[in-house]
J.: 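Have a look at the structure that comes next, please.
Excluded from the calculations below are hydrogen atoms, water molecules and symmetry mates; all remaining heavy atoms, backbone and side chain alike, are included. Small disclaimer: the values here were computed from a predicted structure and weren't measured.
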Amino acid sequence: MHPILLKLGPFTLYSYGLAMALAVLLAIGLASHVTKRALRLSAVPSGTGQAGGSLPLSQAALIDWSSWAILGGIVGGRLLYVVLYWQAYVAEPWEILALWHGGLVWYGGLFGGLVASWWYCRSRGFPLLRSADQVIPFVALGHAVG
């Protein structure tokens with residue numbers, strides 16, 4: 001895979017960044033679509049043979065949650081990278097914020113996303129495990145793409 005897909009003046013399109021953006025859009029889009037469909041089916045009167053189940057997150061809450069999870073993932077991934085390579089940041093601590101120079105750790109991002117998800121569900125009163133059941137298949141799909 002080529003690290004740089006396109007460079008136009010000061011704009012650089014990195015393949016990793018594009019893959020991550022597509023993965024996030026795919027996961028959120030599919031989760032939103034399935035949530036909308038399930039909520040529509042749950043409005044069907046009982047006894048018709050169709051059931052949408054009860055989902056803890058509405059479409060709006062799903063988008064809100066995903067924003068926090070993405071932010072938590074970026075912060076967690078960057079923090080762990082900085083901890084692991086602290087010597088590189090001692091002389092120039094402002095480089096900690098320079099995400100465009102690269103430097104995220106996958107499992108730091110996972111931990112940060114989990115912490116942000118836990119915080120979001122707890123602060124909004126959503127059941128954590130049922131909310132996770134609603135989104136985890138799409139998170140896994142996004143991970144496969146990204």
Side-chain angles (χ1 to χ4, degrees), residues 1-44 49-89 92-146:
M1 175 154 63
H2 297 288
I4 297 176
L5 293 177
L6 179 67
K7 189 162 180 73
L8 294 171
F11 176 76
T12 304
L13 180 62
Y14 294 96
S15 57
Y16 181 72
L18 178 63
M20 294 307 296
L22 290 175
V24 166
L25 290 174
L26 177 69
I28 294 170
L30 286 175
S32 179
H33 173 73
V34 168
T35 297
K36 179 180 177 181
R37 186 171 189 274
L39 291 174
R40 187 180 43 204
L41 287 176
S42 67
V44 174
Q50 297 178 345
S54 65
L55 298 176
L57 301 174
S58 66
Q59 278 186 292
L62 181 76
I63 301 299
D64 196 26
W65 163 81
S66 64
S67 300
W68 284 105
I70 291 166
L71 182 63
I74 292 170
V75 169
R78 184 60 172 185
L79 282 177
L80 187 54
Y81 184 85
V82 168
V83 167
L84 292 174
Y85 299 100
W86 180 247
Q87 296 79 16
Y89 295 100
E92 299 175 339
W94 56 86
E95 282 291 316
I96 291 172
L97 300 176
L99 284 174
W100 54 92
H101 292 163
L104 296 171
V105 176
W106 181 86
Y107 42 91
L110 174 66
F111 184 73
L114 289 173
V115 168
S117 295
W118 170 81
W119 175 82
Y120 177 78
C121 287
R122 182 180 168 129
S123 68
R124 302 296 195 281
F126 294 122
L128 180 64
L129 294 179
R130 285 188 49 230
S131 300
D133 283 345
Q134 183 178 348
V135 299
I136 287 299
F138 307 104
V139 171
L141 180 63
H143 177 65
V145 170

J.: Hey, does V24 have a side-chain heavy atom less than 4.5 Å from the side chain of M20?
T.: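 Heavy-atom side-chain distance check fails, nothing below 4.5 Å.
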J.: Quick one: OG1 on T35 to CD1 on I28, what's the gap to the nearest 0.5 Å?
T.: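 Atom-to-atom, T35:OG1 and I28:CD1 are 11.5 Å apart.
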J.: Restricting to non-hydrogen atoms, name the atom on R124 and the atom on D64 that form the minimum distance, rounded to 0.1 Å.
T.: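 Reported closest heavy-atom pair: NH2-OD2, 3.4 Å.
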J.: Kindly determine whether Y81 and V105 satisfy side chain to side chain contact (heavy atoms under 4.5 Å, CB included), including the steps that lead there.
T.: CA-CA 5 Å; Y81 184 85; V105 176; 3.7 Å; yes
J.: Check the pair I4 / Y14 against side chain to side chain contact (heavy atoms under 4.5 Å, CB included), numbers first and verdict last.
T.: CA-CA 4 Å; I4 297 176; Y14 294 96; 3.7 Å; yes
J.: Considering only distance and modelled atom types, tabulate donor-acceptor pairs under 3.5 Å from the side chains of residues 66-77, sequence neighbours left out.
T.:
{"unit_1": "S66", "atom_1": "OG", "unit_2": "L62", "atom_2": "O", "d": "3.3"}
{"unit_1": "S66", "atom_1": "OG", "unit_2": "I63", "atom_2": "O", "d": "2.8"}
{"unit_1": "S67", "atom_1": "OG", "unit_2": "I63", "atom_2": "O", "d": "3.1"}

J.: List for me each residue that meets side chain to side chain contact (heavy atoms under 4.5 Å, CB included) alongside S58, sequence neighbours excluded, and say none if there are none.
T.: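 Applying side chain to side chain contact (heavy atoms under 4.5 Å, CB included) to S58 gives A60, A61.
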J.: Closest approach of R78 and A98, non-hydrogen atoms and distance?
T.: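 Looking at all heavy atoms of both residues, the closest pair is NH2-O, 3.5 Å.
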J.: With no hydrogens and no angle check, just 3.5 Å: does a side-chain donor-acceptor pair link S32 and Q59?
T.: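 The criterion, which ignores hydrogens and geometry beyond distance, is satisfied for Q59 and S32.
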J.: Could you walk me through whether V135 and W65 satisfy the side chain to side chain contact (heavy atoms under 4.5 Å, CB included) test, starting with their C-alpha distance in whole Å, then the side-chain angles of each, then the deciding distance to 0.1 Å, before giving a yes or no?
T.: CA-CA 10 Å; V135 299; W65 163 81; 3.6 Å; yes
J.: So, taking the atom named CG in L57 and the one named CZ in R130, what distance separates them when rounded to the nearest 0.5 Å?
T.: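 These two atoms lie 9.0 Å from each other.
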J.: With side chain to side chain contact (heavy atoms under 4.5 Å, CB included) as the test, would you mind laying out the steps for Y16 and L5 before giving the verdict?
T.: CA-CA 9 Å; Y16 181 72; L5 293 177; over 6 Å; no
J.: Would you say the rings of Y89 and Y85 are close, in the sense that their centroids are separated by under 6.0 Å?
T.: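 Not under 6.0 Å, so no.
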J.: Within the supplied structure, the quantity of interest is the number of heavy atoms (other residues, nucleotides, ligands) at a distance under 6.0 Å from R122 CZ; does it exceed 12?
T.: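 Count not over threshold, so no.
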J.: Any side-chain heavy-atom pair from L104 and L99 closer than 4.5 angstrom?
T.: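 Yes. Closest side-chain heavy atoms under 4.5 Å.
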J.: Heavy atoms only: give me the nearest S117-L128 pair and the separation to one decimal.
T.: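 S117 and L128 have their closest heavy atoms at O-CD1, 4.2 Å.
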J.: Quick one: list whatever passes side-chain hydrogen bond (donor to acceptor under 3.5 Å, both in side chains) with W106, sequence neighbours left out.
T.: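 Here the qualifying residues are H143.
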J.: Contact between L26 and L141 at the side-chain level, heavy atoms closer than 4.5 Å - yes or no?
T.: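 The answer is yes, as the side chains (C-beta and beyond) meet within the 4.5 Å cut-off.
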